[in-house]
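As structure tokens, the structure follows; a few thoughts come after it.
The analysis underlying the following values was restricted to heavy atoms, covering all of them including side chains, and did not include hydrogens, waters or symmetry mates. Residue numbers begin at 1 in each chain, while the letters A, B, ... track the order of the sequences.
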Protein chains: 2
Amino acid sequence: MDVEQRISNLLKLGKLRSTSVRKLVLKEFLEAGTTAISSYEIEKKFEDLDRITLYRTLKTFEEVGIIHQAVDVSGRSKYAICSEDCSTHQHEDHHAHFYCKKCEKTVCLDNVKIPRPNLPADFQLEDSQLVLSGVCGACR
Amino acid sequence: MDVEQRISNLLKLGKLRSTSVRKLVLKEFLEAGTTAISSYEIEKKFEDLDRITLYRTLKTFEEVGIIHQAVDVSGRSKYAICSEDCSTHQHEDHHAHFYCKKCEKTVCLDNVKIPRPNLPADFQLEDSQLVLSGVCGACR
DNA sequence: TTTGCAAATGCAACATTGTTACACTTTACA
DNA sequence: TGTAAAGTGTAACAATGTTGCATTTGCAAA
């Protein structure tokens with residue numbers, strides 16, 4: 001399936017209108033693949049893209065489960081496109097991310113399983129994220 | 001050992017001067033125990049505490065390993081006092097934290113072990129944090 | 001195809017947090 | 001007890017998050 005088609009499908013699945021900003025942003029996420037990108041990075045790439053609209057676009061995408069937030073230690077919130085695996089889990093976040101301290105990139109590690117930790121009995125676990133950091137292969 | 005003594009010891013260990021702000025902030029962390037607190041929370045509690053000084057105090061405490069940063073999904077950076085266990089690991093961050101979506105508190109789970117994930121061979125892992133969220137016992 | 005309405009956008013405005021520079025104050029030690 | 005270095009407070013600015021409101025746009029029904 002080509003990119004345009006995938007974008008169209010994702011928006012339909014999320015019951016979102018097809019607008020130029022959304023298509024543009026979604027294309028970025030599809031191209032980024034497993035790399036989580038920040039609002040800042042998208043802003044820099046498209047200088048005439050309104051910051052507030054972008055903020056709301058990301059928020060909307062997250063709400064409908066097109067993207068998920070990747071927590072990392074940089075303090076900057078980043079997002080990555082959800083894999084199919086993600087959507088089959090009813091958009092629960094059980095992601096592992098690796099943050100490279102050198103290139104500051106965050107990549108989703110779909111193949112790393114997060115074990116269920118044994119919490120106190122009365123705690124109700126909803127999401128879990130494993131935040132790893134260090135130096136990635138490309139930077140060594 | 002009483003609190004004053006512990007504060008004094010921690011500052012000496014970090015080779016930091018004993019000042020009123022530092023003693024005040026450190027006392028908060030000791031009282032908070034395993035609960036991670038944000039700059040904002042400390043600010044609210046002590047209204048005449050200078051925001052920038054607090055920022056630098058937290059930064060300094062983190063650098064010398066008195067406190068560690070707790071990543072959570074709130075976007076607000078939080079810190080908690082390091083357990084002895086923490087300092088014996090040369091201040092590497094291998095923490096598990098639970099964030100309650102209701103009371104917005106973050107607690108350190110010292111007893112939850114983070115398993116070493118199998119990363120691509122050329123990745124160099126330095127820190128790992130397990131970020132759990134849901135509803136805590138007190139809020140149910 | 002046109003049209004109306006809800007959704008989406010862009011702008012203004014403001015809050016919070018992070019960060020540095022610089023002058024002033026305080027601590028700790030000689 | 002005086003002094004140098006460390007710490008503090010003020011100012012100033014950047015980045016990001018967030019809401020209100022007027023305008024524009026997408027889309028579906030007429």
Test item: B:Arg140 side-chain N/O and A:Phe123 main-chain N/O as donor-acceptor pair under 3.5 Å
no

Any donor-acceptor pair under 3.5 Å from B:Ser8 side chain to B:Glu4 backbone
no

Looking at [options], which one has an atom nearest to any side-chain atom of [X]?
X	options	result
B:Asp50	D:dT10, D:dT19, D:dG17	D:dT10
A:Val21	C:dT27, C:dT9, C:dC11	C:dT9
A:Tyr55	D:dT19, C:dA28, D:dA11	D:dT19
A:Arg17	D:dT25, D:dG9, D:dG17	D:dT25
A:Ser77	D:dA12, D:dG17, D:dG20	D:dG17
A:Thr53	C:dT9, C:dC11, C:dA7	C:dT9

Calculate the interatomic distance between B:Tyr40 atom OH and D:dT16 atom C1'; express it in whole Å.
17 Å

Length of the CZ-C1' vector between B:Phe61 and D:dT8, whole Å
14 Å

Closest nucleotide of DNA chain C for A:Ser20 versus for B:Arg76: which of these residues is on the 5' side?
A:Ser20

Does A:Arg22 count as lying over the ring of A:Phe61, i.e. NZ or CZ under 6.0 Å from the six-ring centre, within 45 degrees of the axis?
no

OP1 or OP2 of [N] sitting under 4.0 Å from any side-chain N/O of [X]?
X	N	result
B:Lys59	C:dT20	yes
B:Arg22	D:dG7	yes
B:Thr57	D:dG7	no
A:Thr19	C:dA7	no

Have a look at B:Thr60 and say if it touches a base, only the backbone sugar-phosphate, or nothing, with a 4.0 Å heavy-atom cut-off.
nothing

Under 4.0 angstrom, heavy atoms only, what part of the nucleic acid is B:Arg51 near: base, sugar-phosphate, or nothing?
base

Angle between the end axes of the helix from C:dT1-D:dA30 to C:dA30-D:dT1, five pairs per end, to the nearest 10 degrees?
30°

Listed by chain and number, what are the salt bridge (charged side-chain N to carboxylate O under 4.0 Å, His left out) partners of A:Glu28, not counting sequence neighbours?
A:Lys45

